[in-house]
Amino acid sequence: MPQVNFKNEIERRQYTRDLTQANIDPIAGFVEGYAIVFEKITPIGDLFYEIIDRHALDEADLSDIKFFINHNDMMLPLARHRRGKRSTMDISIDDHGLKINSNLDIENNADSKKLCSAIIRGDVEDMSFAFGITVEGESWENMSDTMPIRRITKIGKVFEVSAVNDGAYPQTSISARSASLENEKSALENARAKALENEKRVETEKRQAALLLEKKKFLFLEELKYDTRRINR
């Protein structure tokens, strides 16, 4: 796989009620749902709106993805997808998003049993994922608005998916998000700084172009005056 330049932050997203589409078999411990949904706009805190592009996962590293509860990576994973190795979670991508199909060990893992029970009862319906985007993996719109729009266009790697208590995207099924939103604040601040820098650059280029035009106009008028004087001699 080619070397990918990541931004420093690992971000997390919660999605809501895509587990309503989940296939739950409490006896066997099967849980499926969408951890990522495409082309759905959602507010990220009070910072910005976000959309995950339909092609954001086209070149993403999906080779090793763990399944947690509430992004608690200190616990043992409930399931794991590993390319080329024995896996207890399958993943697939369709027009809707990234779908997981996991086989939880409810007989030997108390956390798996509790999660299946919570999903069946409807106490847990959301999913989330932790991801990193590439350096050029986002675009911003409406930067002058209080809530600009961030479109994630290229995810570099998906690290894990989680069943979560509360979701951000109302279109997911079983999802969780970083409580502090520090990474998201940083992303917005960087985008605003870049937009301001571009705005200043455009204004500078406009001033330089106007000055050049004035110089050309002055020289033209001076040449016109000179030619007029020559003719009138």
Side-chain angles (χ1 to χ4, degrees), residues 1-15 36-61 93 95-98 128-159 168-172 177-233:
M1 180 174 292
Q3 183 69 30
V4 177
N5 293 321
F6 287 101
K7 296 178 67 176
N8 291 330
E9 301 91 353
I10 294 177
E11 303 186 46
R12 293 179 172 84
R13 292 292 179 276
Q14 302 93 332
Y15 298 106
I36 302 174
V37 288
F38 298 142
E39 302 297 338
K40 303 295 183 181
I41 189 166
T42 192
I44 301 302
D46 294 322
L47 300 173
F48 52 84
Y49 294 104
E50 184 175 87
I51 301 170
I52 296 182
D53 189 87
R54 189 176 304 278
H55 298 286
L57 293 173
D58 285 358
E59 299 177 25
D61 180 358
I93 299 172
D95 288 341
H96 188 63
L98 175 70
S128 178
F129 73 113
F131 64 103
I133 66 174
T134 62
V135 173
E136 300 297 329
E138 62 185 353
S139 62
W140 292 82
E141 304 172 23
N142 305 336
M143 291 304 297
S144 60
D145 292 355
T146 303
M147 292 276 287
I149 298 174
R150 181 197 198 193
R151 176 175 283 272
I152 295 179
T153 56
K154 193 170 184 180
I155 292 174
K157 181 174 177 61
V158 177
F159 297 95
Y169 281 72
Q171 298 84 6
T172 64
R177 155 173 222 96
S178 147
S180 67
L181 296 177
E182 287 303 319
N183 289 341
E184 287 71 19
K185 290 177 183 177
S186 176
L188 179 57
E189 289 170 1
N190 291 339
R192 288 198 186 280
K194 187 175 181 180
L196 181 60
E197 181 181 333
N198 289 339
E199 185 177 320
K200 289 180 178 178
R201 177 178 54 78
V202 170
E203 287 301 317
T204 299
E205 290 174 353
K206 285 181 179 179
R207 287 196 299 269
Q208 290 174 343
L211 180 60
L212 180 60
L213 182 61
E214 285 298 318
K215 287 181 178 179
K216 288 182 177 180
K217 183 178 178 180
F218 174 78
L219 292 174
F220 173 77
L221 292 175
E222 288 299 310
E223 289 178 3
L224 185 61
K225 288 178 184 178
Y226 176 75
D227 291 340
T228 302
R229 287 196 299 268
R230 287 183 60 190
I231 294 171
N232 292 334
R233 283 180 184 176

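Scope of the values below: all heavy atoms of this structure, side chains included, with no hydrogens, waters or symmetry mates.
A search for salt bridge (Lys or Arg N to Asp or Glu O under 4.0 Å) contacts involving Glu199 returns nothing, not counting sequence neighbours. A search for side chain to side chain contact (heavy atoms under 4.5 Å, CB included) contacts involving Glu203 returns Lys206, Arg207, not counting sequence neighbours. In terms of the salt bridge (Lys or Arg N to Asp or Glu O under 4.0 Å) criterion, Glu214 has no residue partners (sequence neighbours excluded). Residues satisfying the side chain to side chain contact (heavy atoms under 4.5 Å, CB included) test with Glu39, not counting sequence neighbours, are Ile51, Asp53, Arg54, Arg151. Evaluation of the side-chain hydrogen bond (donor to acceptor under 3.5 Å, both in side chains) rule for Glu205 yields Arg201 as partners, not counting sequence neighbours. Under the rule for a side chain to side chain contact (heavy atoms under 4.5 Å, CB included), the partners of Asp58 that lie at least two apart in sequence or sit in another chain are His55.
Counting only distance, with no hydrogens or angles, the side chain of Thr153 and the backbone of Gly137 share a donor-acceptor pair below 3.5 Å.
To the nearest 0.5 Å, atom CD1 of residue Ile52 and atom CD of residue Glu138 are 12.0 Å apart. In this structure, CG in Leu211 is found 11.5 Å from NZ in Lys216, a value given to the nearest 0.5 Å. Going from atom CD1 of Ile133 over to atom CD1 of Ile152 covers 5.5 Å, rounded to the nearest 0.5 Å. How far CD of Glu189 is from CG of Leu47: 9.0 Å, rounded to the nearest 0.5 Å. Taken to the nearest 0.5 Å, the CE atom of Met143 stands 11.0 Å off from the CD1 atom of Ile149. Between atom CD1 of residue Ile155 and atom CD of residue Glu59 there is a gap of 12.0 Å, rounded to the nearest 0.5 Å.
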Next on the checklist: Determine whether Asp46 and Thr146 satisfy the following criterion, side chain to side chain contact (heavy atoms under 4.5 Å, CB included), listing intermediate values before the conclusion.
Outcome noted: CA-CA 9 Å; Asp46 294 322; Thr146 303; over 6 Å; no
Next on the checklist: One pair to check against side chain to side chain contact (heavy atoms under 4.5 Å, CB included): Phe48 and Trp140. What are the steps and the verdict?
Outcome noted: CA-CA 10 Å; Phe48 52 84; Trp140 292 82; 3.8 Å; yes
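Side-chain contact between Lys215 and Leu213: absent, with no pair of heavy atoms (C-beta onward) separated by less than 4.5 Å. Contact of the Leu57 side chain with the Leu98 side chain is registered, since non-hydrogen atoms from C-beta on lie closer than 4.5 Å. Inter-residue side-chain proximity for Phe38 and Ile93 is flagged as met; some heavy-atom pair is nearer than 4.5 Å.
Scanning both residues, Asp145 and Arg192, for their nearest heavy atoms gives O-NH2, 3.3 Å. Between Glu141 and Pro148, the shortest heavy-atom distance links the atoms O-CB, 3.4 Å.
A salt bridge is defined here as a Lys NZ or Arg NE, NH1 or NH2 lying under 4.0 Å from an Asp or Glu carboxylate O, and Lys154 with Glu136 fails to meet this definition.
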